There are 2 protein chains.
Amino acid sequence: MQAVGAQGALVSVESIEEELTLLVRRAQKVHLRGGPTEHVVERAAYGILAWLHDTGPLRPGALAAHFHLDASTISRQVASLEQAGLITREPDAEDRRACRLRLTEHGRTVLTATRAERRGVVRELLQSWSPEDLANFAFLLAAFNAGLDDHLSPNPNSREESQP
Amino acid sequence: MQAVGAQGALVSVESIEEELTLLVRRAQKVHLRGGPTEHVVERAAYGILAWLHDTGPLRPGALAAHFHLDASTISRQVASLEQAGLITREPDAEDRRACRLRLTEHGRTVLTATRAERRGVVRELLQSWSPEDLANFAFLLAAFNAGLDDHLSPNPNSREESQP
DNA sequence: ACCAACTGCTTGCATGTACCAACCATACCG
DNA sequence: CGGTATGGTTGGTACATGCAAGCAGTTGGT
């Protein structure tokens, strides 16, 4: 048997775990060391702005689900974004407890600038990569994120709730 | 390659930026939702333990450089690890201001357990991946980390410094 | 030998991110 | 209706991180 395949997979998993550990720790600084927009949007808020922009008006709960964060965390960040005039909070016609979050014009502007800046950093980091590697990396990252999303989701199968 | 190449590269960069944003935010939870060791080693401390284990006794400054973190951050985490009996602080013969950090037996044990657990999660996440994809992902992640390392380092050589 | 500048590390303080628990308001169901 | 479930906010807490200030030891110039 050419054990290289299976053994290589093991080695890869170990390597991936290590690199992810490092990446998650280091990558947070990229945002902070950025240019002018770093004072405008917090790192966490950027994700919210981007997702809100890309998927239209959402409720806080939907954001929490997307990022797999506690509702309270989102609540505070949303409050901060609203305070900063980057998003608005419209009443939800369907459910008066809830609200719909929408980017303001200002929010859109700031997001565009911040996003351009971040993409610039990423582009610079990857400037020497081949198109194949870029495409591959994008694809594999997306696949990994999808798996992570799955993993973090409350899987109804193997979940045993204790009786209240 | 056809004209798709250049355009694909742009799309890839945008996609990569998005996926990284998501990944960095979500991946932190993996550690926290772990099993029994989650109470033993903080997320940040795990990286320190692992690096210490893999590269032998180090000084705090070396750790700070490796993770691109402030020395004070490392100082606190090291103090906490020492407190927990996972590492020891030996005087450095070369420089009496400094010290050398070394894993204790207990630290090694805990690291091994935590690492196994984390690798298990990663392995599970990647269980359906082909060996080629695994190897590729490991390679590309490592390459990206190397670029990130470069980017974060005050490397006077290959970067245009906006010097006053 | 001495003082000044530097370096390695620690401490004090501020901020951002996150969770859980407790809570309020509305929705839904019997 | 009343009881429970759901969406969201607020209080309290813990961890991660950076900057500024400080202390101790090192180094270099005279």
Side-chain angles (χ1 to χ4, degrees), chain A residues 21-22 24-34 38-48 57-84 87 89-101 152 154 161 163-164, chain B residues 21-22 24-34 38-49 57-84 87 89-101 152 154:
Chain A
T21 301
L22 212 49
V24 169
R25 192 113 181 232
R26 283 180 177 164
Q28 316 198 24
K29 297 200 69 164
V30 171
H31 179 77
L32 305 179
R33 292 173 51 109
E38 76 179 278
H39 305 296
V40 180
V41 203
E42 304 299 332
R43 179 171 54 83
Y46 169 75
I48 294 181
L58 288 176
R59 311 203 312 195
L63 287 174
H66 176 65
F67 293 109
H68 297 283
L69 291 176
D70 194 86
S72 63
T73 300
I74 294 294
S75 178
R76 284 175 233 275
Q77 286 165 2
V78 156
S80 163
L81 283 171
E82 191 189 16
Q83 183 79 16
I87 65 177
R89 185 192 299 267
E90 306 169 357
D92 188 330
E94 325 267 290
D95 187 336
R96 277 188 305 159
R97 295 169 297 183
C99 55
R100 293 165 68 85
L101 308 170
L152 294 173
E161 288 304 325
Q163 50 296 93
Chain B
T21 300
L22 213 49
V24 168
R25 191 113 182 230
R26 282 179 179 164
Q28 316 198 23
K29 295 201 72 165
V30 171
H31 180 77
L32 304 179
R33 292 173 53 108
E38 75 178 280
H39 306 297
V40 180
V41 204
E42 304 299 336
R43 178 171 51 85
Y46 169 75
I48 293 180
L49 280 188
L58 287 176
R59 312 205 312 195
L63 287 175
H66 176 65
F67 292 109
H68 296 283
L69 293 176
D70 194 86
S72 63
T73 300
I74 295 294
S75 179
R76 285 174 234 276
Q77 287 164 1
V78 157
S80 162
L81 284 171
E82 190 190 16
Q83 183 78 16
I87 64 177
R89 186 192 300 265
E90 305 170 357
D92 188 329
E94 326 265 292
D95 187 336
R96 279 189 303 161
R97 294 169 299 184
C99 55
R100 292 164 69 84
L101 307 171
L152 294 173

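Lettering of chains follows the sequences in order, A, B, ..., and the numbering in each one begins at 1. What you are looking at is a predicted structure, and each value in this text was computed from that prediction instead of being measured.
If you measure from atom CG of A/Leu58 to atom C1' of D/dG8, you get 15 Å, rounded to the nearest angstrom. Atom CG of A/Asp92 is separated from atom P of C/dT26 by 14 Å (rounded to the nearest Å). C/dC9 atom P lies 15 Å from atom CD of B/Gln77, rounded to whole Å. When the C1' atom of D/dA16 is taken as reference, atom NZ of A/Lys29 falls 12 Å away, rounded to whole Å. Rounded to whole angstrom, the span from the CG atom of B/Leu81 across to the P atom of C/dT10 amounts to 12 Å. B/Arg43 has its CZ atom 9 Å from the C1' atom of C/dT17, to the nearest Å. Between A/Asp70 atom CG and C/dC23 atom P there is a gap of 17 Å when expressed in whole angstrom units.
Distances shown here put a side-chain N or O of A/Arg89 below 4.0 Å from the OP1 or OP2 atom of D/dT9. Regarding contacts with the backbone of D/dC15, every side-chain N or O of B/Gln28 stays at 4.0 angstrom or more from both OP1 and OP2. The shortest distance between the side-chain N/O atoms of B/Arg25 and the OP1/OP2 oxygens of C/dA18 is below 4.0 Å. Between B/Thr73 and the phosphate of D/dT17, there is no side-chain N or O to OP1/OP2 separation shorter than 4.0 Å. OP1 or OP2 of D/dG8 has not a single side-chain nitrogen or oxygen of A/Arg96 nearer than 4.0 Å.
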Protein-nucleic acid N or O pairs under 3.5 Å, nucleotides 5-7 of chain D:
residue: D/dT6; atom: O2; partner: A/Arg97; partner atom: NH1; Å: 2.1

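Contact annotation: side chain of A/Ser72 to base of C/dC20, donor-acceptor pair present below 3.5 Å. One can find a donor-acceptor pair under 3.5 Å joining the base of D/dG18 and the side-chain atoms of B/Arg76.
Partner of A/Leu101 under the side chain to side chain contact (heavy atoms under 4.5 Å, CB included) criterion, out of A/Leu63, A/Leu58, A/Asp92, A/Ile74: A/Leu63 alone.
Taking CG from B/Asp95 and CZ from B/Arg97, the interatomic distance works out to 4.0 Å, rounded to the nearest 0.5 Å.
Contacts of A/Leu69 with the nucleic acid, taken as non-hydrogen atoms under 4.0 Å apart, involve only primed sugar atoms and P, OP1 or OP2.
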Worked verdict on B/Glu42 versus B/Leu81 for side chain to side chain contact (heavy atoms under 4.5 Å, CB included): CA-CA 9 Å; B/Glu42 304 299 336; B/Leu81 284 171; over 6 Å; no
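Counting only heavy atoms from C-beta outward, the side chains of A/His66 and B/Arg26 approach each other to under 4.5 Å.
Between B/Val41 and B/Tyr46, the closest heavy-atom pair is CG1-N, 3.6 Å. Smallest separation of non-hydrogen atoms from B/Thr21 and A/Gly47: CG2-CA, 4.4 Å.
With sequence neighbours excluded, the residues satisfying side-chain hydrogen bond (donor to acceptor under 3.5 Å, both in side chains) with A/Arg89 are A/Glu82.
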